[in-house]
Amino acid sequence: MATIFSQIIDGDIPARIVYEDETTVAFLDANPLSPGHTLVIPKEEYERLNDVPDDIASDLYATIHELVPVVEDSVDADASTVAFNNGEAAGQEVPHVHCHIVPRFEGDGGGPIHAVAGDAPDLADRELDDIAAEIESRV
Ligand code: 5GP
């Protein structure tokens, strides 16, 4: 079963498409968190960020890079929150990688990205060292 986003790409579900190239497409979110809330996706279905092949990841970033200032300017935003919900536990509902560009405005009442993960843990230096070493050893 094609994801809802693939159905948009195929023209089976209407959407306000604002950009399209060979490998990526962008359209307005149907339930915008702010005016101009835009989703940028690869045309091929990949569930999570790490499933996206390198060349498509570059294309995706290039589209995000191009669109962020355009979206901000189009709605006269002061800034934007640009983020992926990467996996169900992080709030991803549509299993087709998508970047949210959410225009932000001074005094809009929203929070920073630091607010998304619940209570911040109190990690000791040794735990931070272990985590950093673990990540570094896997790259
Ligand atoms: P997620 O929670 O997976 O990161 O975000 C999915 C986003 O897709 C939500 O912000 C939701 O409003 C948007 N969305 C879901 N269905 C549709 C649709 O049919 N059309 C459009 N344009 N956006 C959709």
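Just follow the structure's listing: the first ligand is 1, and inside any ligand the first atom is 1.
Taking 4.0 Å as the cut-off, Phe84 does not count as a neighbour of ligand 1 on heavy-atom distance. Residue contact check for ligand 1: Arg16 places no non-hydrogen atom closer than 4.0 Å to it. Within the structure, ligand 1 lacks Leu33 among the residues with a heavy atom less than 4.0 angstrom away.
The six-membered or imidazole ring of Tyr19 lies away from that of Phe27, with a centre-to-centre distance of 6.0 Å or more. Two rings, from Phe5 and His98, have their centers less than 6.0 Å apart.
Each of the following atoms of ligand 1 lies closer than 4.0 Å to a heavy atom of His98: 1 (P), 3 (O), 4 (O), 5 (O), 6 (C). Remark: ligand 1 atoms within the under-4.0 Å shell around heavy atoms of Gly91 are 1 (P), 2 (O). With ligand atoms numbered from 1 in the order given, ligand 1 contributes 11 (C), 12 (O) to contacts under 4.0 Å with heavy atoms of Asn31. Within ligand 1, counting atoms from 1 as listed, the ones closer than 4.0 Å to a heavy atom of Ile8 are 20 (N). Residue contact check: Ile4 has heavy atoms under 4.0 Å from atoms 19 (O) of ligand 1. Close approach of ligand 1 to Asn85 is summarised as follows: ligand atoms under 4.0 Å from at least one heavy atom of the residue are 1 (P), 2 (O), 4 (O). Numbered from 1 in the order shown, with element, the atoms of ligand 1 that lie under 4.0 Å from a heavy atom of Glu93 read 1 (P), 2 (O), 3 (O).
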task = Go through the steps to decide whether Leu60 and Val97 satisfy the test side chain to side chain contact (heavy atoms under 4.5 Å, CB included), and finish with yes or no.
result = CA-CA 10 Å; Leu60 188 63; Val97 167; 4.1 Å; yes
query = Are Thr63 and Val25 close enough, and set up right, to give a side chain to side chain contact (heavy atoms under 4.5 Å, CB included), and what steps lead you there?
reply = CA-CA 8 Å; Thr63 300; Val25 62; over 6 Å; no
task = Quick one: do Lys43 and Thr24 satisfy side chain to side chain contact (heavy atoms under 4.5 Å, CB included)? Show the steps, please.
result = CA-CA 5 Å; Lys43 283 184 170 173; Thr24 69; 5.8 Å; no
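Looking at heavy atoms from C-beta onward, Ile13 lies in side-chain contact with Ile4 at the 4.5 angstrom threshold. Using a 4.5 Å heavy-atom threshold, the side chains of Phe84 and Ile64 count as touching.
Closest protein heavy atom to atom 22 (N) of ligand 1: Leu28 O, 2.9 Å. For atom 8 (O) of ligand 1, the nearest protein heavy atom (residue, atom name, distance) is Phe5 CZ, 3.5 Å. Distance from atom 12 (O) of ligand 1 to its nearest protein heavy atom, with residue and atom name: Asp29 OD1, 2.5 Å.
In terms of polar-atom proximity, defined here as any N/O pair under 3.5 Å, Ile13 makes no such contact with ligand 1. In terms of N/O distances under 3.5 Å, ligand 1 is approached by Ala30.
Put simply, the side chain of His96 gets close to the backbone of Glu44: a donor and an acceptor are under 3.5 Å apart.
Taking the six-membered ring for Trp and thresholds of 30 and 60 degrees, His65 and Tyr61 have ring planes inclined between 30 and 60 degrees apart.
Only side-chain heavy atoms of His100 come within less than 4.0 Å of ligand 1; its backbone N, CA, C and O stay farther off. When heavy-atom distances to ligand 1 are checked against a 4.0 Å cut-off, Phe27 comes that close only through its side chain, counted from C-beta outward.
One distance of note links CE of Met1 with OG of Ser6; it measures 10.0 Å at 0.5 Å rounding.
Applying the side chain to side chain donor-acceptor pair (under 3.5 Å) rule to pairs touching residues 105-118 yields Arg104-Asp108, sequence neighbours excluded.
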